[in-house]
Structure formats: C-alpha cells, structure tokens
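Chain letters run A, B, ... following the sequence lines, proteins first and then strands; every chain starts at 1.
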2 protein chains.
Amino acid sequence: MSEDKATLTDAVHDLLRKAIIEQALKPGMRLPEDTVGEQFGVSRTIVRHALVRLEHEGLVITRRNRGAFVAEPSRDEAQNVFEVRRCLENDVIRLLCERMPRSGYDRLEAHVRQEESVRGKDGPVSIRLAGEFHVLLAELTGNPVLTRYVSEVVLRCSLIMSLYARSHSSDCAVDEHSQIIEAIRAGDAQRAIQIMEHHLGAVAGRAELSAHPDSIQSILSHYGKELAQ
Amino acid sequence: MSEDKATLTDAVHDLLRKAIIEQALKPGMRLPEDTVGEQFGVSRTIVRHALVRLEHEGLVITRRNRGAFVAEPSRDEAQNVFEVRRCLENDVIRLLCERMPRSGYDRLEAHVRQEESVRGKDGPVSIRLAGEFHVLLAELTGNPVLTRYVSEVVLRCSLIMSLYARSHSSDCAVDEHSQIIEAIRAGDAQRAIQIMEHHLGAVAGRAELSAHPDSIQSILSHYGKELAQ
DNA sequence: AGTCAGTCAATTGGATACAATTATCTTGCG
DNA sequence: CGCAAGATAATTGTATCCAATTGACTGACT
C-alpha cells in the first residue's frame with residue numbers, strides 16, 4: 001500500500017474501480033472480502049466499505065450472505081444506463097452552450113490532442129481517456145452534482161462495453177469529440193446534441209444491445225411467475 | 001428494532017434518511033456513531049455503514065476523524081442540485097411522452113388524489129407525498145437508473161428546502177401536478193416541461209437561493225486563495 | 001434414478017477492542 | 001489580559017472475533 005490517500009477505504013475503492021473498468025476483474029467474478037483484503041494488506045472492514053460504495057455506483061452487486069460480485073449488467077440494465085447517459089450528456093451540452101468557461105475550449109482541445117496521441121492503441125489508457133473526455137465536459141458545467149452522475153454512468157458504460165462489445169478500439173471516435181467541441185463553440189446545441197446522440201449511439205450499437213436475445217430473466221418473465229414462490 | 005429489513009444497515013439507513021428529510025435531524029447536527037448506535041440499539045458498525053451510504057446520497061457529510069454531520073448545502077450546492085433536478089425531470093417528461101405505460105395515468109391520478117386529501121396540512125406526510133409524485137413520474141419511465149438519480153435529487157431538495165424555505169406548505173402545488181399529467185397525456189412535451197420548470201422554479205424560488213449572500217466560502221473565494229495553505 | 005433431508009464448510013453480518021487523530025481545556029508565559 | 005503550548009478527553013479509523021446464513025455435498029428413501 002504505497003498509497004497515502006485520505007483513507008484506506010478511498011484507496012481500495014479507487015483500486016478496485018480501476019481494476020474493474022480495466023477488465024482485470026471481469027464481470028461476474030467473485031470478490032470475497034478477506035481475499036481482497038489480504039491482497040491489499042488491509043482488513044475486511046476496509047474492503048467492505050469499498051464494496052458498499054462500488055455497489056452504489058453500480059459496478060458491483062452484493063447478494064445477501066453470498067458476497068460481492070463484479071456487476072454483470074443485463075442488456076436491459078445496459079440500455080437503461082445508456083439511456084440515462086444520453087439524457088445527462090445532452091443536458092451537459094445544453095448547459096455548456098450557455099456558459100462554457102473561458103479556459104474550457106483549451107482544456108477540451110488539449111484532451112483531444114492527448115487522445116489523438118494514443119490513437120490506434122487499444123490499451124487501458126485509451127479506454128480511460130475516451131471516458132474522461134465526457135467527464136471533462138461535465139466538469140466544465142461547474143456543477144459537481146451533475147459531474148458525479150455523468151462519471152458514474154460513463155464508468156458503468158465502460159463496464160458494459162467490456163461485457164458486450166467485440167472490440168474496445170475506437171470506443172469514442174476522436175474526431176466526433178472534435179465536432180462536438182466545435183458545435184458547442186458555435187452555440188449550436190441542437191447540432192452538438194445530434195452529434196452526441198450519434199456518437200453514443202455508435203458506442204451503444206457496438207455493444208449489440210438490441211440485436212441479441214435478452215437476459216434469461218426477461219425471457220422467462222414472459223412465461224409467467226407461477227413458480228416464483 | 002421491530003424492523004425486519006433485509007439488513008440492519010438498510011433499516012438504520014432508511015430511518016436516518018427519514019429523520020433527516022423530516023427535519024427531526026436538522027442540518028449541521030452531529031451524528032456520532034455510538035450515540036446513534038445506542039439510540040437504535042445497534043453497534044457502530046451498522047451506523048457507520050449507513051452513514052457511508054447517506055454521504056454518497058449527499059444527505060450527510062463526513063469530515064475526516066471528525067465524524068458525520070447532517071449536510072448543510074451551501075446556496076451554491078443547492079443551486080447545483082436544483083439544476084440537476086430540472087435536467088432530470090425534463091428528461092423524465094420527454095421519455096414519458098413517448099412511452100407512458102398503460103396504468104401510468106391511473107397511478108398518477110391516484111397519487112394526486114392522495115395529495116389533495118392532505119391539502120393544507122404541513123406535516124411530514126405532505127412533504128413526503130410531494131416528493132413522491134416526482135419519484136413516481138421517474139418510475140413510470142421504467143428506468144431504475146434514472147429513478148434512483150431522481151430520488152436522490154428530490155431527497156436532497158427536501159433537505160435544502162428545510163434549510164432555506166420559510167414555509168414548507170405547498171412545496172408542490174397539487175394542481176400543477178395535475179397540469180403536468182395532462183400535458184403528458186396530450187403528448188405535449190414542451191408544455192409539460194414548461195410547467196415543470198415553472199413548478200420547480202417556484203419551489204426553488206421559495207428557497208431564496210439567489211436573494212441572499214452566498215456561503216462564506218464562495219464569498220472568500222473571490223479574494224484569492226493565497227492563504228489557502 | 002430422482003428427490004429430499006441432514007450435515008459441513010465457507011463467507012458474510014455484526015460486535016467489540018485497540019490505535020490514531022482531533023478538539024477542548026488547562027496552564028504558563030509574555 | 002491575550003496568546004501559545006501541552007495535556008486530556010472524546011470520537012473516529014482499523015483490526016479481530018463470534019454468530020448466523022448460505023451453498024454444496026452426502027446419503028437415505030420413494
């Protein structure tokens with residue numbers, strides 16, 4: 001534990017989150033409290049707190065007396081997350097068209113340049129940067145509440161993509177990021193939203209969310225619940 | 001503990017949340033872990049977990065090694081929460097105009113009738129019902145992710161109102177609720193959103209969010225941060 | 001052979017004990 | 001009389017311990 005975070009809980013929380021979105025911990029994988037604790041050299045108490053938070057963020061689910069697992073969002077859930085993400089990101093754009101801070105465009109363009117510099121590579125870095133562009137947009141609204149929600153759904157989308165998408169490459173088309181910036185600069189909320197919709201639609205589409213049969217639960221739910229106790 | 005919730009943590013969590021939005025626990029009030037624990041007859045462990053969740057929900061803040069307090073949102077924070085709430089509720093309306101479930105209008109109208117039946121009374125019941133109308137709207141979208149976010153901001157708005165509003169009475173004008181339902185039924189998203197904006201604007205306005213000087217922090221922040229460590 | 005009951009191992013739910021940090025109070029000095 | 005420094009009390013941060021629940025395995029019975 002070379003981390004000297006505010007609390008150990010924060011450190012473990014961040015580490016686990018990173019591990020999940022980088023697919024080191026794959027969906028469905030068990031997360032026994034003492035195993036994780038031994039791994040990081042902390043006690044179950046810490047791990048448990050971190051897991052509570054991760055559950056709140058939708059990256060982990062816990063089953064009573066069974067323990068914690070990396071979340072395996074069904075296609076239903078995935079679509080819900082994507083829907084909320086579209087809503088929130090559109091809201092972000094609307095707000096930015098009215099009040100983009102002075103340094104906003106510089107920061108955005110710097111970020112895009114950074115994304116371009118790793119173009120082609122499929123590593124964790126490009127995944128992370130792709131998500132951070134959207135979080136940066138949210139930050140520029142100056143609204144921390146909105147930023148937190150956007151962060152959460154972006155993270156969950158990363159997890160979803162790792163489950164359903166074939167390739168992670170070009171999760172976010174960098175040039176679309178540039179186009180969004182330009183539309184906002186022009187104050188053209190409609191166009192910016194349109195590009196964002198297309199952008200996220202492409203991402204979601206690559207996840208094959210609607211092409212395949214749905215989760216077992218949603219299939220069986222059509223056959224009645226006579227046996228459901 | 002007559003509660004037989006899934007876990008004690010959940011029970012304490014719900015109890016504390018209810019106590020906070022009903023103003024039994026007032027903003028700024030300390031929440032020492034063992035005091036709360038003794039009160040409910042549980043150990044600090046449980047209380048702590050509940051507090052972690054409440055912090056995530058924005059209803060309490062914890063200061064390192066100092067303990068937990070009922071949140072006292074500054075006017076800045078309050079405006080941020082209200083802004084997100086407006087965004088989310090507008091999104092809800094847009095979605096409902098496209099896909100209101102069959103039983104939706106019945107449930108909404110039943111709820112409004114319930115609100116009317118307690119009209120005039122200022123008790124915790126009317127506060128709760130006022131918030132639940134908005135949560136019900138979110139539920140009808142069928143999107144649990146969206147519902148959770150709406151619930152959170154509605155709850156935080158309740159806390160904010162208890163801090164800044166003079167009177168709690170008519171936090172939500174019941175007839176405006178009816179108007180919103182009608183606009184959605186007509187499929188007129190624009191009008192529904194307009195009413196909702198007015199509706200929430202009235203609520204926020206009663207909170208005197210912009211009339212008074214802001215928090216000490218935001219005032220001093222204009223004078224530079226040279227001394228900030 | 002399939003189903004059901006009973007036992008056992010594994011893991012979490014919760015409580016208590018100890019360590020670390022912070023705020024308060026006291027005391028001494030200028 | 002005001003201020004600073006140190007001691008003290010209170011509270012949180014973390015670890016460990018016990019109990020309760022769950023899942024799997026085994027074995028008997030239909």
Spacing of F69(A) atom CZ relative to dT11(C) atom P, expressed in whole Å: 11 Å

Note: for N65(B) and N65(A) on DNA chain D, the residue whose nearest nucleotide lies more 5' is N65(B)

Report the relative orientation of the aromatic rings in H177(A) and H199(A); use parallel for angles under 30°, tilted for 30 to 60°, perpendicular for over 60°. perpendicular

Interatomic spacing from OG in S74(A) to CG in N80(A) - rounded to 0.5 Å: 8.0 Å

Can you see if the side chain of T9(B) gets near the phosphate of dG14(C) - specifically, an N or O under 4.0 Å from OP1 or OP2? yes

Of the nucleotides dA15(C), dG13(C), dT14(D), which one has an atom closest to the side chain of R48(A)? dG13(C)

When rounded to whole Å, the CG to P distance for the pair L51(A) and dT12(C) reads 9 Å

R66(A) CZ to dA9(C) P, straight-line distance once rounded to whole Å: 19 Å

Between the base of dG13(C) and the side chain of R44(A), is there any donor-acceptor pair under 3.5 Å? yes

Heavy atoms under 4.0 Å, any strand shown: does T62(B) hit a base, just sugar-phosphate, or nothing? nothing

Quickly work out the L8(A) CG to dT12(D) P distance and round it to whole Å. 18 Å

Given atom CD of E38(A) and atom P of dA10(C), what is their separation to the nearest angstrom? 14 Å

Of the nucleotides dT12(C), dG14(C), dT21(C), which has the atom closest to the R30(A) side chain? dT12(C)

Examine dG14(C): is either OP1 or OP2 under 4.0 Å from a nitrogen or oxygen in the side chain of T45(B)? Give yes or no. no

Between dA10(C) atom C1' and D34(A) atom CG, what is the distance in whole Å? 9 Å

In whole angstroms, how far is the P atom of dT16(D) from the CD1 atom of I46(A)? 11 Å

Of the options dG13(D), dG14(C), dA15(D), whose atoms approach the side-chain atoms of E33(B) most closely? dG13(D)

Nucleotide nearest V42(B) (side chain, heavy atoms from C-beta), chosen from dG13(D), dA15(C), dT12(C): dA15(C)

Could you tell me whether the side chains of S103(B) and D106(B) share a donor-acceptor contact shorter than 3.5 Å? no

Please check if any side-chain donor atom of E132(B) sits under 3.5 Å from a side-chain acceptor atom of H111(B), or the reverse. no

Whole-Å distance, R64(A) CZ to dA20(D) P, equals 13 Å

Answer with base, sugar-phosphate or nothing: what part of the nucleic acid does R63(B) contact at a heavy-atom distance below 4.0 Å? nothing

Taking atom CD as the centre, does Q39(A) end up with more than 12 heavy-atom neighbours from other residues, nucleotides or ligands that are less than 6.0 angstrom away? no

